[in-house]
Chemist: 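Structure provided below as C-alpha cells; questions to follow.
What you are looking at is a predicted structure, and each value in this text was computed from that prediction instead of being measured.
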Amino acid sequence: MFATVAVLAAVAAGLAGCGDDPSDTSSESSPAPSASADTDLASKVPDAIKSDGKILVGTDSSYAPNEFLDTDGKTIKGFDIDLFTAVAQKLGLKAEFVTAGFDDIIPGIGSGKYEIGVSSFTINDERKQTVNMVSYFNAGTQWATKKGTKINPDDVCGQKIAVQKGTVQVDDITARSKKCTDAGKKAITIDQYAGQDQATASVVSGKDAATLADSPIAAYAVEQSNGQLELAGDIYDAAPYGYVVKKDQTDFAQAIADATKALIADGTYKTVLEKWGVDAGAITDPAVNP
C-alpha cells in the first residue's frame, strides 16, 4: 500500500489508527467533555433505548479526525465521538460506539442492530427516505493528491481516483466520469475502498492519482501525511452532517436536535469542534430532516 513500512506506520496511525477491518467490533471511546442530563429531553428517549441507560452507536472508525481508532487499535476517538458522547449525556445515556462498515450502518439502524448512526453522514433526500437525520455540522467535498502532482478536479478523465464506498463522493466521481465519456474522453477509473484511510493510502503509494472526501477528512489527511499529500481545488457542495435514527422515531430525533442545541448554548459544542480543529463547520440551528 504505502511505499515503505515506515510510511505505513506513520501515516496510517495518524489517518485512522488501524481501522482497516470494517467488520463490527465493540470498542472503547475516548474521554469527552461532560454534559449534565436534561430530564425533559431524557423523557423523550424511547423506552427500548433508555431501559439499559446506553445507546448503541454504529460508526465507521476509519474517518479521521471525525471517527477513527487510536493507536491502541480499539479506542474510538474523534470530534464526532466527543460531540455525540455529550449529546447522549444530555439525554441521560451513555454512548457505546461499535465499529461498522459505513454502508452497513443505515441498514443496521433499520434492522435494530444499532440504535443510532454517528459517522459523518451527509444529509440528502435519498437517506431521508428511510431514516430521520438530525443536522449537527456542515462539510463540503475536498480533493487531495500526492505532493507535487498537479490535479485539476474538473479535468481527471482517464485517471485513477480513490474514494470510500457508500459516500456521496462515489456519486460525485461517477457523474464526473459520465461527463468524460459523454464528451468522448476516457472514463475515470474509480477505485472504491472500504475505508477512507485505505483510499488515502492508495494516493500516498501512487496507486491512485487523487482522492476526494469530506473537507475535514481531506484536510486532516494532508496534515498527518508528513508532507506527502496536498489539497487540490476548492471545497464545494457544502452540506450538513446528520445523526441517523429510525424513521418512526421522530420525537427522539427532535430530542437529539434539542440536546445538540443545548450544547451549542452552553459552549460544549464549540469546545469540541475547536479541540479537533473543525470549528469552521459549526452550525447554529440543528434540525430534524432539514
Side-chain angles (χ1 to χ4, degrees), residues 13-17 19 29-36 38 57 59-70 75-91 95 97 116-124 133-144 164 167-169 196-197 200 211-225 229-244 256-288 290:
L15 296 178
S29 59
S30 58
S34 179
S36 58
D38 182 305
V57 186
T59 190
D60 169 14
S61 55
S62 72
Y63 218 52
N66 296 6
E67 45 270 333
F68 63 110
L69 293 179
D70 205 347
T75 302
I76 303 178
K77 59 191 290 187
F79 116 76
D80 257 348
I81 306 307
D82 284 356
L83 184 59
F84 187 73
T85 295
V87 170
Q89 289 171 344
K90 276 289 180 189
L91 298 169
F97 297 90
I116 192 166
V118 180
S119 201
S120 307
F121 283 101
T122 300
I123 297 176
N124 59 33
M133 303 193 76
V134 181
S135 60
Y136 65 92
F137 187 77
N138 210 40
T141 290
Q142 174 78 69
W143 288 59
Q164 182 179 1
T167 63
V168 296
Q169 283 80 25
Q196 181 58 41
D197 53 344
T200 304
T211 185
L212 58 160
D214 290 354
S215 48
I217 280 69
Y220 187 81
V222 169
E223 179 185 333
Q224 296 294 313
S225 70
L229 299 175
E230 62 183 2
L231 298 176
D234 297 322
I235 298 171
Y236 60 92
D237 288 347
Y241 282 165
Y243 297 131
V244 181
I256 292 170
D258 291 341
T260 308
K261 290 177 185 177
L263 296 176
I264 292 173
D266 69 17
T268 302
Y269 178 87
K270 181 180 179 181
T271 297
V272 171
L273 268 60
E274 288 182 343
K275 169 187 173 182
W276 291 98
V278 297
D279 43 306
I283 66 171
T284 58
D285 55 346
V288 178

Chemist: Under the side chain to side chain donor-acceptor pair (under 3.5 Å) test, which residues partner Gln164, sequence neighbours left out?
Modeler: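 Expected list: Asp60.
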Chemist: Rounded at 0.5 Å granularity, tell me how far CG in Leu69 sits from CD1 in Ile76.
Modeler: 6.0 Å
Chemist: For the pair Tyr136 and Phe79, name the ring-plane relationship: parallel under 30°, tilted 30 to 60°, perpendicular over 60°.
Modeler: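 Because their plane-to-plane angle lies in the 30° to 60° range, the rings of Tyr136 and Phe79 count as tilted.
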Chemist: Side chain of Ser215, backbone of Ala139: donor and acceptor closer than 3.5 Å?
Modeler: no
Chemist: Would Thr211 and Gln196 satisfy side-chain hydrogen bond (donor to acceptor under 3.5 Å, both in side chains), going step by step from the backbone distance to the final call?
Modeler: CA-CA 9 Å; Thr211 185; Gln196 181 58 41; 3.2 Å; yes
Chemist: Please report the closest heavy-atom contact between Tyr220 and Ala64, naming both atoms and the distance.
Modeler: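 The answer is CE2-CB, 3.4 Å.
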Chemist: Identify every side-chain donor-acceptor pair in residues 232-241 under 3.5 Å, counting partners at least two apart or on other chains, and give the distances.
Modeler:
residue	atom	partner	partner atom	Å
Tyr236	OH	Trp143	NE1	3.0
Tyr236	OH	Asp172	OD2	2.7
Tyr236	OH	Arg176	NH2	3.1
Tyr241	OH	Asn66	ND2	3.3
Tyr241	OH	Asp214	OD2	2.6

Chemist: If I compare all heavy atoms of Thr141 with all of Gln169, which pair ends up nearest, and what's the gap?
Modeler: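 Looks like OG1-NE2, 2.9 Å.
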Chemist: With sequence neighbours excluded, what pairs up with Tyr269 under the side chain to side chain donor-acceptor pair (under 3.5 Å) test?
Modeler: none
Chemist: Hey, which of Thr268, Asp279, Asp82 is the one that makes side-chain contact (heavy atoms from CB on, under 4.5 Å) with Leu273?
Modeler: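 Answer after filtering Thr268, Asp279, Asp82: Asp279.
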Chemist: Do Phe68 and Lys77 make a side-chain contact, defined as non-hydrogen atoms from C-beta onward lying under 4.5 Å apart?
Modeler: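 Of all side-chain heavy-atom pairs linking Lys77 with Phe68, at least one is under 4.5 Å.
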Chemist: Taking all atoms of both residues into account, what is the closest heavy-atom pair of Ile217 and Ala213, and its distance?
Modeler: CG2-CB, 3.9 Å
Chemist: Looking only at heavy atoms, which two atoms of Thr200 and Ala221 are closest? And how far apart?
Modeler: CG2-CB, 3.9 Å
Chemist: Measuring from Ser61:OG to Asp197:CG, what's the distance to the nearest 0.5 Å?
Modeler: 8.5 Å
Chemist: For the residue pair Tyr243 and Leu83, establish whether any side-chain heavy-atom pair is separated by less than 4.5 Å.
Modeler: yes
Chemist: Measure the shortest side-chain to side-chain distance between Ile116 and Phe84 over non-hydrogen atoms and say whether it is less than 4.5 angstrom.
Modeler: yes
Chemist: Contact between Asp80 and Thr59 at the side-chain level, heavy atoms closer than 4.5 Å - yes or no?
Modeler: no
Chemist: For the residue pair Ile256 and Leu91, establish whether any side-chain heavy-atom pair is separated by less than 4.5 Å.
Modeler: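 Ile256 reaches Leu91 side chain to side chain.
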Chemist: State, yes or no, whether a side-chain contact exists between Leu263 and Asp266 at a heavy-atom distance under 4.5 Å.
Modeler: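 The answer is yes; the side chains approach within 4.5 Å.
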Chemist: Measure across Pro216 and Phe137 and return the closest heavy-atom pair with its distance rounded to 0.1 Å.
Modeler: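 Between these two residues, the closest heavy atoms are CG-CE2, 4.1 Å.
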Chemist: Looking only at heavy atoms, which two atoms of Glu67 and Val118 are closest? And how far apart?
Modeler: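 Scanning both residues, the minimum pair turns out to be OE1-O, 4.0 Å.
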